[in-house]
Amino acid sequence: MNGHDERPVGVLALQGDFADHEDALAAFGVATRQVRVAADLHGLAGLVLPGGESTTMLKLLDVEGLWQPLGDSLRSGIPVLATCAGMILLAERVEHPNQRSFGLLPITVVRNGYGRQYHSGTFPLRSDVLPAGTTGTFIRAPRISQVRPGADCEVLAWRDQDPVLVRCGAMLAAGFHPELQPGHPVTAMWVAMVRTARGAALAH
Ligand code: GLN
């Protein structure tokens with residue numbers, strides 16, 4: 001990513017919208033590596049869990065033997081960008097239906113919480129940190145029903161009264177699709193987190 005540290009960020013590439021994340025990251029000069037098998041997790045500067053279909057991703061994680069090694073990487077504290085299905089995989093609690101997750105992000109999500117395909121679309125976001133007029137595209141999106149009280153989390157954007165972008169430590173999670181946003185402001189925010197974490201690592 002610069003002369004001192006060329007570690008790429010990994011983009012989970014089993015299924016879903018990984019290619020658009022790679023394009024968005026490339027636009028910020030960030031090298032990416034598709035993560036499909038455990039060896040791909042070695043030496044990453046960050047990890048992206050894209051949108052797609054979380055049940056399918058869970059199956060493929062098992063098929064590829066990735067559940068444990070990916071969980072280890074996520075728990076290592078590197079910056080993580082989790083979007084839509086990726087946010088479901090990372091959440092502490094998943095409702096309707098309940099399903100397995102890595103349980104690292106202190107939020108509860110309701111799958112398809114805005115209705116199914118018919119209710120998908122692009123909606124205005126309310127935020128103090130994103131550019132005025134920023135919208136988010138929600139596709140069979142999970143709804144964040146709770147951010148665990150007392151957790152070290154900041155809500156960075158809302159859709160109506162619902163939190164839709166949260167930052168908890170090194171994890172940034174969105175219920176919408178940042179890779180589809182014009183100008184990619186959320187991707188930019190995460191790239192800054194990766195560069196800050198990398199700078200801190202180099203200082204040690
Ligand atoms: N509805 C999907 C799921 O439950 C998520 C949709 C998305 O990632 N756009 O996994």
Side-chain angles (χ1 to χ4, degrees), residues 9-25 32 34-36 46-64 66-67 70-71 74 79-125 127 130 134-147 155-160 162-168 171-187 189-190:
V9 306
V11 181
L12 185 65
L14 297 177
Q15 187 267 342
D17 213 14
F18 56 89
D20 283 336
H21 274 290
E22 289 185 284
D23 290 348
L25 288 160
T32 60
Q34 295 188 353
V35 172
R36 296 174 190 274
L47 258 170
V48 178
L49 304 180
E53 192 57 42
S54 57
T55 48
T56 308
M57 288 188 196
L58 284 172
K59 280 190 201 121
L60 294 171
L61 286 170
D62 285 340
V63 168
E64 300 299 337
L66 261 176
W67 173 260
L70 179 61
L74 294 169
V80 177
L81 175 62
T83 69
C84 213
M87 181 174 84
I88 298 171
L89 292 182
L90 202 60
E92 202 166 70
R93 287 187 60 202
V94 182
E95 294 184 336
H96 311 307
N98 184 343
Q99 76 184 22
R100 184 161 55 117
S101 63
F102 289 108
L104 296 171
L105 192 68
I107 63 171
T108 302
V109 297
V110 180
R111 289 187 62 211
N112 302 309
Y114 295 97
R116 301 198 71 87
Q117 196 71 39
Y118 180 73
H119 299 280
S120 299
T122 300
F123 298 86
L125 303 181
S127 171
L130 296 172
T134 298
T135 56
T137 298
F138 293 77
I139 305 172
R140 290 173 293 111
R143 175 182 248 141
I144 300 176
S145 59
Q146 191 188 51
V147 178
V155 176
L156 300 177
W158 287 261
R159 168 180 166 182
D160 299 321
D162 292 343
V164 293
L165 178 66
V166 294
R167 179 179 175 171
C168 307
M171 296 176 285
L172 184 64
F176 55 93
H177 282 258
E179 75 283 10
L180 302 179
Q181 278 179 311
H184 302 115
V186 172
T187 307
M189 193 182 280
W190 187 70

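Bear in mind that the values here come from a model prediction, so they are computed numbers and not experimental data. Just follow the structure's listing: the first ligand is 1, and inside any ligand the first atom is 1.
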message = Tell me the closest heavy-atom pair linking Ala91 and Ser101, and the distance in Å.
response = O-OG, 2.7 Å
query = Looking only at heavy atoms, which two atoms of Pro185 and Leu130 are closest? And how far apart?
reply = CB-CD2, 3.9 Å
inquiry  = Looking at Phe138, I'd like to know if the NZ or CZ of Arg159 sits under 6.0 Å from its six-membered ring centre while staying within 45 degrees of the ring's axis.
reply    = yes
ask   = Within a strict 4.5 Å, meaning less than it, do heavy atoms of the Ile139 and Asp17 side chains meet?
value = no
ask   = Would you say the side-chain atoms of Gln99 and Arg111 include a donor-acceptor pair closer than 3.5 Å?
value = yes
Pairs under 3.5 Å, nitrogen or oxygen of ligand 1 with protein nitrogen or oxygen:
residue, atom, partner, partner atom, Å
ligand 1, 1 (N), Asn112, OD1, 2.9
ligand 1, 1 (N), Arg140, O, 2.8
ligand 1, 4 (O), Arg111, NE, 2.7
ligand 1, 4 (O), Arg111, NH2, 2.8
ligand 1, 8 (O), Gly52, N, 2.9
ligand 1, 8 (O), Gly52, O, 3.0
ligand 1, 8 (O), Ala85, N, 2.9
ligand 1, 9 (N), Ile139, O, 2.9
ligand 1, 9 (N), His177, NE2, 2.9
ligand 1, 10 (O), Ser54, N, 2.6
ligand 1, 10 (O), Ser54, OG, 2.7

note = For His96 and Val110, the nearest pair of non-hydrogen atoms, with its separation, is CD2-CG1, 3.7 Å
